[in-house]
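To keep things clear, I will list the structure first and then write my remarks on it.
Numbering starts at 1 and runs along the sequence shown. If you're wondering where the values come from, they're calculated on a predicted model, not measured in any experiment.
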Amino acid sequence: MYRDAGKRKVFAVDDGSAHGTALTAGFRREFTGLGGSVVGAAAVAAGEKDFTALAGQVKASGAEAVYFGGDHTVAAPLSRRLKESGAQIPLMGGDGILDTQFVKGNDRAEGDLATWLGVPAQDTAGGRAFLARYAGAGYREDAGFYGAAAHDAAWAVIEAVKAVAAANGGALPSDARSRMADAVGRVSFEGATGPVAFDAYGDTVNRQLTVYTVRAGAWESVKSGAYEP
């Protein structure tokens, strides 16, 4: 938002959830640290649809973009109302808005942005192999943005269960559930999204991030790279 899009003034909005407020707080900290300004902030209720008043506040603030912490059910109508109000500025959010429904329910989404952990599945050998297997299975819905990540998350649990059983002579112990957190923290394998392993704090060691934007009515990846704190 700051370096590539060249925005200096942002209006921050969150949906009041723990995820949404944490995401927006993190963005505000990093954005102002780079020299940007947060010219306004607001919290909206989950499920809210009428953003007429908020769109007016954003427009009056002189914001060059809106950063939203929450999911697509709120972000899509907010994005639409912003453009309808005359504020022709992008809305950016995390992976909660990276959904086909964000675009289907919002014909004003062009230029909006979202971030995603990892790189697009089609850009890696492991990801392409997963997509090929998924397509061959004949599911009615495509894998979507979350398919490869869901596969790796499930496989991390499976590997952890196997490790717990192996440490108990091949059978699950009676306290298997209590051992799982530690076992998941120790897994390490190459997944559909890249390396799957966790640091001492439980965070993924995969520091690749991708920025998506809406072009011609669909999400399209525009930049991937390693996160450097």
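- Taking CD from E190 and CG from D152, the interatomic distance works out to 9.0 Å, rounded to the nearest 0.5 Å.
- Distance alone, capped at 3.5 Å, places no donor-acceptor pair between the D112 side chain and the V214 backbone.
- F102 and V222 are not part of a single hydrophobic cluster, where members link through side-chain heavy atoms under 4.5 Å apart.
- Across every non-hydrogen atom of G69 and L23, the tightest pair is CA-CD2, 4.2 Å.
- Under a cut-off of 6.0 angstrom, the local environment of NZ in K49 is crowded, with over 12 non-hydrogen atoms contributed by other residues, nucleotides or ligands.
- With hydrogens and angles left out, the side-chain atoms of N206 and T204 include no donor and acceptor closer than 3.5 Å.
- The shortest side-chain heavy-atom distance between F68 and F11 does not fall under the 4.5 Å cut-off.
- Distance check: L117 CG to T193 OG1 gives 7.5 Å after rounding to the nearest 0.5 Å.
- In this structure, the separation between NE2 on H151 and CG on L131 is 10.5 Å, given to the nearest 0.5 Å.
- More than 12 non-hydrogen atoms from other residues, nucleotides or ligands lie less than 6.0 angstrom from CD of E220.
- Under the 4.0 Å criterion applied to side-chain N and carboxylate O atoms, K9 and E64 are not assigned as salt-bridge partners.
- Scanning for salt bridge (charged side-chain N to carboxylate O under 4.0 Å, His left out) contacts around D123 gives an empty result, with sequence neighbours left out.
- Remark: K7 NZ to F31 CZ distance equals 9.5 Å, nearest 0.5 Å.
- Taking the six-membered ring for Trp and the full ring otherwise, F130 and W155 have centroids separated by 6.0 Å or more.
- In this structure, R28 is not positioned above the aromatic face of Y67 in the sense of NZ or CZ being under 6.0 Å from the six-membered ring centre and within 45° of the axis.
- In terms of modelled atom types and a separation under 3.5 Å, the side chain of Q208 and the main chain of V119 share no donor-acceptor contact.
- If you check the side chains of D14 and T21, you find no donor sitting under 3.5 Å from an acceptor.
- No donor-acceptor pair closer than 3.5 Å links the side chain of D95 to the backbone N or O of I97.
- The two residues S79 and N106 come nearest to each other via the heavy atoms OG-ND2, 2.9 Å.
- In this structure, D107 CG and K83 NZ are separated by 10.5 Å, a value rounded to the nearest 0.5 Å.
- Salt bridge present: D199 and R207 bring a charged side-chain N and a carboxylate O closer than 4.0 Å.
- Listed by chain and residue number, R80, R81 satisfy the salt bridge (charged side-chain N to carboxylate O under 4.0 Å, His left out) test with E84 (two or more places apart in sequence, or in another chain).
- Checking side-chain atoms of N168 against main-chain N and O of A171 turns up a donor-acceptor pair under 3.5 Å.
- Remark: side-chain polar atoms of R128 are paired, donor with acceptor, to backbone N or O of Q122 under 3.5 angstrom.
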- Task: Could you go through the ring pair (Phe, Tyr, Trp, His ring centres under 6.0 Å) check for F145 and Y212 one step at a time?
- Result: CA-CA 11 Å; F145 296 108; Y212 286 81; 5.4 Å; yes
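- Taking each heavy atom of A12 and T24 in turn, the nearest pair found is CB-CG2, 3.6 Å.
- Of the candidates V13, L82, V74, V74 is the only one forming a side chain to side chain contact (heavy atoms under 4.5 Å, CB included) with F51.
- Not one N or O on the side chain of T213 forms a donor-acceptor pair closer than 3.5 Å with the backbone of L113.
- For the atom pair CG of L54 and CD of E48, the computed distance is 8.0 Å after rounding to the nearest 0.5 Å.
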